[in-house]
Amino acid sequence: MEIVELKQTRELAVGDTLVSAAGDAYDVTKLARIGRGIRVQYVTSDGRSGRFTAAPDAITRVRRVDSLHAA
């Protein structure tokens, strides 16, 4: 079972995997401060890139990497 946790945008790091409500996954490739927001650049599982800007305290869904369950 996939574990998804909620994080504020300011807690994201390159390498995190964002998960949409529909279950799509987006790998974070770059983070940058833009004015009062944070620009998040990502790549999808099929190789398309994109970006969005969010408030630092906005909530995002992130797939948790649990080292205890890694095989």
Side-chain angles (χ1 to χ4, degrees):
M1 182 173 145
E2 178 179 280
I3 299 173
V4 175
E5 64 181 330
L6 301 177
K7 283 186 174 182
Q8 290 184 331
T9 307
R10 70 171 61 96
E11 297 173 334
L12 291 178
V14 172
D16 282 347
T17 300
L18 307 179
V19 180
S20 71
D24 298 326
Y26 306 90
D27 295 323
V28 176
T29 58
K30 186 176 179 181
L31 297 165
R33 293 287 296 193
I34 303 294
R36 292 172 47 189
I38 297 174
R39 167 88 31 95
V40 180
Q41 294 184 12
Y42 62 86
V43 64
T44 62
S45 57
D46 60 357
R48 292 182 298 162
S49 61
R51 67 181 183 203
F52 66 91
T53 304
D57 57 347
I59 301 297
T60 55
R61 294 166 40 101
V62 180
R63 181 179 298 148
R64 191 165 103 191
V65 177
D66 194 352
S67 61
L68 297 176
H69 293 92

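We number each residue from 1, following the sequence as shown.
Here Asp24 contributes atom CG and Thr17 contributes atom OG1; the two are 12.5 Å apart, rounded to the nearest 0.5 Å. Here CZ of Arg10 is found 13.0 Å from CG of Leu31. Values are rounded to the nearest 0.5 Å. For the atom pair CD of Glu11 and CD1 of Ile59, the computed distance is 7.5 Å after rounding to the nearest 0.5 Å.
Applying the salt bridge (charged side-chain N to carboxylate O under 4.0 Å, His left out) test to every pair with at least one member in residues 25-43, sequence neighbours left out, gives no pairs at all.
More than 12 heavy atoms of other shown residues, nucleotides or ligands fall within 6.0 angstrom of atom CZ in Arg61.
The two residues Gly37 and Pro56 make their nearest non-hydrogen contact at CA-CD, 4.2 Å.
In this structure Thr9 satisfies the side chain to side chain donor-acceptor pair (under 3.5 Å) test with no other residue, sequence neighbours excluded.
Using a 30° and 60° split on the angle between ring planes, Tyr42 and Tyr26 fall in the perpendicular class, above 60°.
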Q: Mind running side-chain contact (heavy atoms from CB on, under 4.5 Å) on Val62 and Val28 for me, showing each step along the way?
A: CA-CA 10 Å; Val62 180; Val28 176; over 6 Å; no

